[in-house]
Chemist: 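Here you go, one structure.
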Amino acid sequence: MTKTITYLLGMLITILIGTYFFITCCSECNATSTHEEPAKEKVIVKEPSATSYPFAIDANGFAYNTNDNYNFNVSSNAILMPLSANLTKGINGLKNYLEANDGNVVNVTGYYTSEEENNSAFPNLGLARANAIKNDLASKGISTAQINTLGKLMDDMVPKENTYWGAASFDIEERSVNEKDDLNALYEKIKTDPLILYFNTAEASIYLDAEQRQKVADISRYIDKVEDATVSVVGHTDATGQASTNMRLGQDRAEFAKNYLMQNGIAESKIIATSKGQTQPIATNATEEGREKNRRTVITLN
């Protein structure tokens, strides 16, 4: 009897222990199996804020600051008009300052990004924008001889509704003591290696490579700094057809190139367009290759 009771108690204890472990372990297993993966956080890409650079100068005795500035559309060097009243006030102050301090110059640095398309005749869109600003300053009475133009890559610029707000900076410094020698060297460089364009009269546009764009920038800089400097644009043809017809054809080519330079900010009064027709070949007219070389427009300084 005692053995039976002991046996039954042992079975009861075993059942109780088994039940306990079953409930405990299976509950944990079930909790583990039904546990959901934590929800992944949704990544939200924040749009960068649009940038805005002020018209701000504080150097060599001139100080002016306004949040307004010259603005440009993406991939464009055309200034968005009209200018604000505050910016115009600052430009007038700058004009008066430079007139009273002809030993100083204003440096205009145009900004551009590597994502923009450069359709100008200048090496980069920043320099083209600086050149556009220079022309606007000149129209307001500031001598181009007191304006230096530069371009700067600014990939931090962010447009707002396709517009870069304040895509330029300004600074004032004293004229370089070597300016005269630098300009003489630039003149010799341009005369020794002029800009030569080869194109058919039917073409409606001119496409320049990097070297040709730099030549345009050099020519523009020289005529800005030298008051009586002018640009010579001479059209040439091959010997096919009548000489009188080719003289007119050469003039057409020269006028086409002149208009291109004017569209890129070089003043019409500074450009002299002429024709030499077929009278100055640089290669034989007996081959197509030679005739192609003779059909050219040469742009240099007078």
Side-chain angles (χ1 to χ4, degrees), residues 77 118-124 127-128 130-132 134-135 138 143-145 147-151 178-201 203-239 243 246-285 289-302:
N77 64 320
N118 179 21
N119 294 313
S120 76
F122 290 88
N124 60 68
L127 186 57
N131 187 71
K134 174 207 70 182
N135 290 335
S143 169
T144 57
I147 306 173
N148 293 330
T149 54
L150 306 95
N178 299 318
E179 184 177 70
K180 186 175 181 179
D181 291 339
D182 292 342
L183 289 173
N184 288 336
L186 184 60
Y187 178 85
E188 292 301 325
K189 174 186 176 184
I190 295 168
K191 293 291 288 186
T192 302
D193 187 18
L195 172 60
I196 301 178
L197 304 177
Y198 299 95
F199 56 90
N200 298 321
T201 53
E203 290 182 347
S205 57
I206 296 174
Y207 298 96
L208 304 183
D209 59 27
E211 182 180 355
Q212 290 173 318
R213 289 171 189 255
Q214 185 57 53
K215 289 180 179 181
V216 172
D218 289 342
I219 291 171
S220 177
R221 177 171 179 264
Y222 186 86
I223 64 174
D224 284 342
K225 297 295 183 179
V226 180
E227 186 177 358
D228 58 350
T230 56
V231 181
S232 169
V233 182
V234 182
H236 300 267
T237 72
D238 60 29
N246 286 335
M247 189 62 71
R248 291 194 298 271
L249 182 57
Q251 188 66 40
D252 288 342
R253 287 179 175 154
E255 294 293 340
F256 187 80
K258 175 182 177 178
N259 288 333
Y260 179 73
L261 294 177
M262 290 168 55
Q263 291 168 10
N264 282 275
I266 296 179
E268 181 179 8
S269 61
K270 290 279 190 176
I271 308 171
I272 301 173
T274 59
S275 171
K276 296 297 183 181
Q278 64 187 45
T279 63
Q280 294 184 353
I282 57 173
T284 178
N285 280 300
E289 182 180 3
R291 290 191 291 272
E292 286 181 358
K293 291 181 179 179
N294 290 333
R295 297 192 294 265
R296 70 198 189 280
T297 299
V298 180
I299 303 173
T300 188
L301 296 170
N302 285 310

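None of the values given here were measured: they were computed from a predicted structure.
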Chemist: Please determine whether side-chain contact (heavy atoms from CB on, under 4.5 Å) holds for the pair T300 and V231, giving the CA-CA distance in whole Å, both sets of side-chain angles, and the decisive distance to 0.1 Å.
Modeler: CA-CA 6 Å; T300 188; V231 181; over 6 Å; no
Chemist: Taking side chain as C-beta onward, heavy atoms only, is V298 less than 4.5 Å from Q280?
Modeler: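 Heavy-atom side-chain distance check fails, nothing below 4.5 Å.
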Chemist: State whether the number of non-hydrogen atoms from other residues, nucleotides or ligands found under 6.0 Å of K180 atom NZ is greater than 12.
Modeler: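 No, NZ of K180 has 12 or fewer neighbouring heavy atoms, counting only those of other groups under 6.0 Å.
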Chemist: Considering non-hydrogen atoms only, spot the tightest contact between N131 and S220 and give its length.
Modeler: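 Shortest heavy-atom contact: OD1-OG, 3.4 Å.
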Chemist: Minimum heavy-atom separation for Q212 and Y207, please, with both atom names.
Modeler: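 Here Q212 and Y207 meet closest at OE1-O, 3.9 Å.
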Chemist: Distance from H236 atom NE2 to I196 atom CD1, nearest 0.5 Å?
Modeler: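 Going from NE2 on H236 over to CD1 on I196, the span is 8.5 Å.
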Chemist: Check step by step if side-chain contact (heavy atoms from CB on, under 4.5 Å) holds for K225 and T144.
Modeler: CA-CA 6 Å; K225 297 295 183 179; T144 57; over 6 Å; no
Chemist: Compare all side-chain heavy atoms of R221 with those of L186 and state whether any distance is below 4.5 angstrom.
Modeler: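 Side chain of R221 against side chain of L186, heavy atoms only: contact under 4.5 Å found.
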Chemist: In Å and rounded to the nearest 0.5 Å, what is the CD1 to CG distance from I223 to L183?
Modeler: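 The CD1 atom of I223 sits 12.5 Å away from the CG atom of L183.
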Chemist: Could you tell me which non-hydrogen atom of I219 sits nearest to which non-hydrogen atom of L301, and how far apart they are?
Modeler: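 Closest approach of I219 to L301, heavy atoms only: CG2-CD2, 4.2 Å.
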Chemist: Name all residues meeting the side chain to side chain donor-acceptor pair (under 3.5 Å) criterion together with K293; count only those two or more places apart in sequence or in a different chain, and write none if there are none.
Modeler: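 Partners of K293 by the side chain to side chain donor-acceptor pair (under 3.5 Å) criterion come out as none, since no residue qualifies.
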Chemist: NZ/K258 to OG1/T274 distance, rounded to the nearest 0.5 angstrom?
Modeler: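 Here the rounded value is 10.5 Å.
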Chemist: Locate the shortest heavy-atom distance separating A254 from G235; write the atom from each residue and the value.
Modeler: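 In this case the closest contact between A254 and G235 is CB-N, 3.8 Å.
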Chemist: Search all heavy atoms of A257 against all heavy atoms of I206 and return the closest pair with its distance.
Modeler: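 In terms of heavy atoms, the two residues are closest at CA-CD1, 4.3 Å.
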Chemist: State which residue, out of R253, K276, R296, fulfils the side-chain contact (heavy atoms from CB on, under 4.5 Å) condition with V234.
Modeler: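 Option passing the side-chain contact (heavy atoms from CB on, under 4.5 Å) with V234: K276.
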Chemist: Measuring from atom CG of N302 to atom OG of S232, what distance do you get when rounded to the nearest 0.5 angstrom?
Modeler: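 If I round to the nearest 0.5 Å, the distance is 4.5 Å.
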Chemist: Once rounded to the nearest 0.5 Å, what's the spacing between atom CE of M247 and atom CD of Q278?
Modeler: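 Answer for the CE-CD pair, M247 versus Q278, is 8.0 Å.
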Chemist: Taking atom types as modelled, find out whether E255 and N259 have a side-chain donor-acceptor pair closer than 3.5 angstrom.
Modeler: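 No, no side-chain donor-acceptor pair sits under 3.5 Å.
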Chemist: Pick out which of D238, N246, N285 makes a side-chain hydrogen bond (donor to acceptor under 3.5 Å, both in side chains) with N294.
Modeler: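 So, applying the side-chain hydrogen bond (donor to acceptor under 3.5 Å, both in side chains) to N294 and each of D238, N246, N285, only N285 qualifies.
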Chemist: Return the minimal non-hydrogen interatomic distance between Y260 and A121, and the atom names on each side.
Modeler: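 Smallest interatomic distance, heavy atoms only, reads OH-CB, 3.5 Å.
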